[in-house]
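Each remark here refers to the structure printed beneath this line.
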Amino acid sequence: MAAPMVVATAAERVIPMTELAEHSTPDDAWVLIGNRVLNVTTFRHMHPGGDNVLTQYAGKDATDAFYGLHRHEVLEQWAAKLQVGVIENGSHEEPASLSEISEVPYAEHMAWRDYDSPYFSESHLELREKFREWLHQRLRVSGLAEELEESGGRVPDDLMREMGQLGIHAARLGPGPHLQTWREHVAKDPSATIFGVQIEDFDYFHEQIFHEEMGRIGCGGFVAGVGDGMVIGLPAVNQFGQQWMRETVVPEVLSGEKRICLAISEPQAGSDVASLLTRAVKSADGSCYIVNGTKKWITGGHHADYFVVAVRTGGDGAGGISVLLIDRKMEGVETKKIKTAYSASAGTALVVLEDVRVPVSHLIGKENSGFMCVMYNFNHERWFICALVVGICRAVIEETFKWCMQRRAFGSRLADNAVVRQKLAAMIAAAEPVSHWVDAVTHQMNRMPYQMQGLRLAGTTSLLKYQATRAAQLCADHAVQLWGGRGITKQGMGRFIERFNSQNKLGAILGGSEEIVADLGIKMAMKAFPYNARL
């Protein structure tokens, strides 16, 4: 019996250049992009830029022109419908997937570019690869992150539960007993791992990777909505909360069933925590606190089930502050959305508390000792912001380097111009030291108990945050200049750059403004200054 005839699919059919050249009219237009031959005869009528932009390349190689105007994802979106074959002897390499470790210089940490590192092991590299692949497929390819960033919609409950089951929420809090809580009460599997990492081996470098990779998505509001409130709110419960909180609230949040946020800032007191006005007064019978006040700019507050709230239970100043766990179901709790530079997907809120009766069992730590609880929490929050900034800056450098190598103007690539190279150099030189400073602090965190981190690393972490957000501002400024009009356009090739430029200042404000953290860093250095140090 004769073997069945194999018919090549459109994607497999080999087309010589002579055949491509035959399809060179508006009514019969084929173009070559990379190694793919596309029939754009009908599509030209739908092309946003008009017919002529396409038909001028009919029968020709349009690769350089295409990549000067579009991202590769556009080709991926339309190739299945338009591709009629591949060019004979095609030599173009397909662009690497964003799920892969990038080979673009400085787009990745040195440890992922085949350099030796004293901090990172094979376990860390494998985790980064696995988590990046999950993020790419679940959030980027699906379009979910972009969709919610633009629409401002609430992060879906099913995604929160999926992330809980995978251990992502637990991982973003670092090492500690909560990982065992996740294994027992969420995964319900004594051998469960977090993307292949045994919880006994999990360290702050693993956590750092989760934050950096979340930052690389480039959807700041969505990322904030998917867990920033938890990252800065749950540690206080985990570290200082009463036993019932650790047994009930922590598993609920780690599973993604419930959401939590940190509510400290007020209209009258942002970085000046010691001056907050929200007051909690004990009831006559001493069974509860009656809370009145307003919290503002609360990340995740509009979607939260629980609020970790700094209140005044004593006199003026830091010595009169306590921290309470408030449930949304308590009467008198109301939240209202606040529009910020972030997408509304972040759930940033005004939280109004009117005669809210909070049982004394909801006290976190000791009464009038909440200021130190808040300060301990700030250390992890500021470090986490720095890790996010590193991830975002590296992604911006990657995007901008690619753009400068493929965009042609005045007869050459942008990168062939010295002024362009100078801006790229400034971006890289700003981001790289921050990345390695984050590593140094993370290493120290691995060597210290949580409470000691707040004491010994607070000044360093404050200065690190100042430098990280300064670097982000520089990267945003130079990136926009190099992208030109696309860098200020919310759609198309430069949308990630435009978004970074409009959102990067949030990092300079949240967790303590640049001026406050810089001042704190120097004040703490002055306290540690040796008495006998003289010139």
Side-chain angles (χ1 to χ4, degrees), residues 1-104 107 132-133 136-144 146 398-399 401-409 411-415 486 491-496:
M1 180 182 295
M5 183 174 64
V6 178
V7 179
T9 65
E12 296 171 334
R13 182 172 171 242
V14 177
I15 297 173
M17 287 295 293
T18 53
E19 184 179 352
L20 169 68
E22 293 171 0
H23 300 271
S24 58
T25 67
D27 295 323
D28 182 18
W30 288 11
V31 297
L32 175 64
I33 300 176
N35 295 325
R36 308 184 197 202
V37 179
L38 309 181
N39 184 345
V40 297
T41 307
T42 302
F43 174 75
R44 66 189 174 88
H45 299 300
M46 299 182 285
H47 188 258
D51 288 26
N52 292 338
V53 174
L54 280 179
T55 54
Q56 67 178 309
Y57 293 103
K60 302 175 184 176
D61 186 344
T63 302
D64 288 343
F66 175 85
Y67 284 111
L69 296 168
H70 301 290
R71 302 175 72 90
H72 183 66
E73 65 195 42
V74 175
L75 181 61
E76 291 294 324
Q77 179 184 354
W78 287 98
K81 300 175 183 177
L82 305 179
Q83 187 168 344
V84 293
V86 293
I87 200 70
E88 186 178 39
N89 299 321
S91 59
H92 286 280
E93 290 187 20
E94 281 287 298
S97 168
L98 291 176
S99 67
E100 300 174 13
I101 299 297
S102 177
E103 295 185 1
V104 174
R132 185 176 294 185
E133 176 65 25
H136 182 68
Q137 297 299 332
R138 187 66 174 88
L139 303 183
R140 186 179 281 121
V141 174
S142 69
L144 181 61
E146 284 282 344
E398 178 175 9
E399 293 264 314
F401 214 148
K402 287 177 178 177
W403 170 248
C404 291
M405 292 295 285
Q406 71 189 53
R407 173 63 170 167
R408 302 186 71 83
S412 64
R413 300 172 303 179
L414 291 184
R486 289 172 177 81
Q491 297 174 320
M493 289 191 77
R495 66 180 185 274
F496 180 38

What is the distance from atom NE2 of His70 to atom CE of Met493, rounded to the nearest 0.5 Å?
8.5 Å
Can you confirm whether more than 12 heavy atoms, excluding those of Asp28, are under 6.0 Å from its CG atom?
yes
Just wondering, do Asn89 and Met17 contact through their side chains at under 4.5 Å, heavy atoms?
no
List for me each residue that meets side-chain hydrogen bond (donor to acceptor under 3.5 Å, both in side chains) alongside His72, sequence neighbours excluded, and say none if there are none.
Tyr67, Glu76
Partner set under side-chain hydrogen bond (donor to acceptor under 3.5 Å, both in side chains) for Ser99, not counting sequence neighbours:
Ser97, Glu133
Provide the full list of salt bridge (Lys or Arg N to Asp or Glu O under 4.0 Å) pairs with a residue in residues 38-67, sequence neighbours left out, each pair given once.
Asp27-Arg44, Arg44-Asp51
Going by the salt bridge (Lys or Arg N to Asp or Glu O under 4.0 Å) test, which pairs reach into residues 84-104, not counting sequence neighbours?
Arg36-Glu94
I need the Asn35 CG to Gln83 CD distance, nearest 0.5 Å.
9.5 Å
Taking only residues two or more places apart in sequence, or in another chain, which ones meet Arg140 in a side-chain hydrogen bond (donor to acceptor under 3.5 Å, both in side chains)?
His136
Glu399: partners by salt bridge (Lys or Arg N to Asp or Glu O under 4.0 Å), with sequence neighbours left out:
Arg71
Do Val37 and Arg13 make a side-chain contact, defined as non-hydrogen atoms from C-beta onward lying under 4.5 Å apart?
no
Find the distance between CG (Leu139) and CD (Glu146) and round it off to the nearest 0.5 Å.
11.0 Å
Just verifying a value: how many Å separate Ile15 CD1 and Leu32 CG, rounded to the nearest 0.5 Å?
9.5 Å
Contact between Leu38 and Val84 at the side-chain level, heavy atoms closer than 4.5 Å - yes or no?
no
Sequence neighbours left out, what passes side chain to side chain contact (heavy atoms under 4.5 Å, CB included) with Val104? Give chain and number order.
Ser102, Ala107, Glu398, Phe401, Lys402
So Val74 and Phe66, do their side chains get closer than 4.5 Å, heavy atoms only?
yes
With sequence neighbours left out, write down each residue that passes side chain to side chain contact (heavy atoms under 4.5 Å, CB included) with Arg138, or none if nothing qualifies.
Trp134, Leu144, Asp158, Leu159, Glu162
With Ser412 via side chain to side chain contact (heavy atoms under 4.5 Å, CB included) - residues at least two apart
Asp416, Asn417
Could you work out, with ring pair (Phe, Tyr, Trp, His ring centres under 6.0 Å) as the rule, every residue matching His92, not counting sequence neighbours?
none
Can a donor-acceptor pair be found, under 3.5 Å and without considering hydrogens, that links the side chain of Thr41 to the backbone of Ala29?
yes
By side-chain hydrogen bond (donor to acceptor under 3.5 Å, both in side chains), which residues pair with Tyr57, not counting sequence neighbours?
none
Hey, can you tell me if His47 and Phe43 have their rings parallel, tilted or perpendicular (30° and 60° cut-offs)?
perpendicular
Those residues at least two apart in sequence (or on a different chain) that pass side chain to side chain contact (heavy atoms under 4.5 Å, CB included) with Arg407 are Trp403, Leu414, Arg486
